[in-house]
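Worksheet: one structure, shown below.
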Amino acid sequence: MRLSKILGSVLGRSWVCGVLFAIAIILFGWIVPAGVADVTAQRTAAPKILDEYIMTWTPPDARHFYEAIGARGRVAYQLYYLHLDFWFPVLSLTLFYMSLLSLGFRTGTRWGWLNMTPLAMYACDAAENLNHFTMARTYPDLSDFSLVVGPWFTLAKWVLIFAIPAVAVVGLAGQLLARSGNGRS
């Protein structure tokens with residue numbers, strides 16, 4: 001996979017991984033919470049947005065959320081996606097995870113292609129975001145598709161958010177073990 005090798009050579013550097021981690025921390029630590037606070041009226045209209053339901057949400061959760069945030073909150077939720085969540089937060093996490101996996105599974109090795117798996121997380125997040133944006137726009141007429149399939153996008157995103165770093169740790173541990181084994185000769 002040519003793209004995997006290119007990404008591995010660019011992202012498979014510890015300093016790049018550190019910079020991407022810092023960017024993700026800034027986005028998820030400060031910028032996203034500020035956007036969520038605007039949507040939820042400082043978390044008084046609703047304690048969290050649907051994206052934050054770990055591992056997923058239910059149709060009653062969605063109906064309650066969209067009702068609770070009101071018309072202003074629904075417009076703010078759409079703007080939150082248009083100006084922020086469609087583009088940056090999970091993209092930064094995707095690049096960080098690609099970098100982490102590129103360090104754990106070096107380019108040209110049997111498992112080097114794993115650095116592409118964060119793209120599945122990004123796709124799930126994009127589908128989730130589009131679903132939530134659409135529901136905010138069409139409320140109170142929430143489609144069966146949005147209410148039935150939408151939670152699966154959220155679940156898949158969260159599973160990948162937790163699984164990918166675990167896989168990277170396995171790769172990094174394997175490299176450490178290989179290095180320590182090579183030093184014993």
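We use all heavy atoms of the structure for the numbers below, so side chains are in, but hydrogens, waters and symmetry mates are not. Quick caveat, the model's predicted, so the values are computed rather than measured.
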Next item on the list: Give the intermediate values and the outcome of side-chain contact (heavy atoms from CB on, under 4.5 Å) for residues Thr40 and Thr44.
Entry: CA-CA 6 Å; Thr40 62; Thr44 58; over 6 Å; no
Next item on the list: Look at the aromatic rings of Tyr80 and Tyr77 and report parallel, tilted or perpendicular, splitting at 30° and 60°.
Entry: parallel
Notebook entry, point to check: Between Phe96 and Phe21, how do the two ring planes meet: parallel, tilted or perpendicular, split at 30° and 60°?
Noted result: tilted
Nearest 0.5 Å please: distance from the [atom1] atom of [X] over to the [atom2] atom of [Y].
| X | Y | atom1 | atom2 | value |
| --- | --- | --- | --- | --- |
| Leu91 | Phe88 | CG | CZ | 8.0 Å |
| Tyr97 | Asn115 | OH | CG | 15.0 Å |
| Arg63 | Leu142 | CZ | CG | 6.5 Å |
| Leu95 | Leu7 | CG | CG | 8.5 Å |
| Leu103 | Cys17 | CG | SG | 5.0 Å |
| Leu160 | Tyr122 | CG | OH | 14.5 Å |

Margin query: Salt bridge check, Arg74 against Glu67: does any charged N sit closer than 4.0 Å to a carboxylate O?
Written below: no
Item checked: Lys48, NZ atom: more than 12 neighbouring heavy atoms under 6.0 Å -> yes
Margin query: If you count every heavy atom of other residues, nucleotides or ligands that lies below 6.0 Å from Arg43 atom CZ, does the total exceed 12?
Written below: yes
Next item on the list: Could you tell me whether the side chain of Leu20 reaches within less than 4.5 Å of the side chain of Leu11, counting heavy atoms only?
Entry: yes
Check: Considering only heavy atoms from C-beta outward, does the side chain of Asp38 approach that of Arg72 to under 4.5 Å?
Finding: yes
Next item on the list: For Asp141 and Thr138, test the side chains for any donor-to-acceptor distance below 3.5 angstrom and give the result as yes or no.
Entry: no
Margin query: Do Ser102 and Ser99 pair up side chain to side chain, a donor and an acceptor below 3.5 Å, judged on atom types alone?
Written below: no
Next item on the list: Give a yes or no on whether Leu119 and Phe153 share a hydrophobic cluster (residues Ile, Leu, Val, Met, Phe, Trp, Tyr; joining criterion: side-chain heavy atoms under 4.5 Å apart).
Entry: no
Next item on the list: Might you work through the side-chain hydrogen bond (donor to acceptor under 3.5 Å, both in side chains) test for Thr58 and Asp61, ending with a clear yes or no?
Entry: CA-CA 5 Å; Thr58 65; Asp61 293 331; 3.0 Å; yes
Next item on the list: Run the ring-centre check on Trp57 versus His132 and record whether the distance is less than 6.0 Å.
Entry: yes
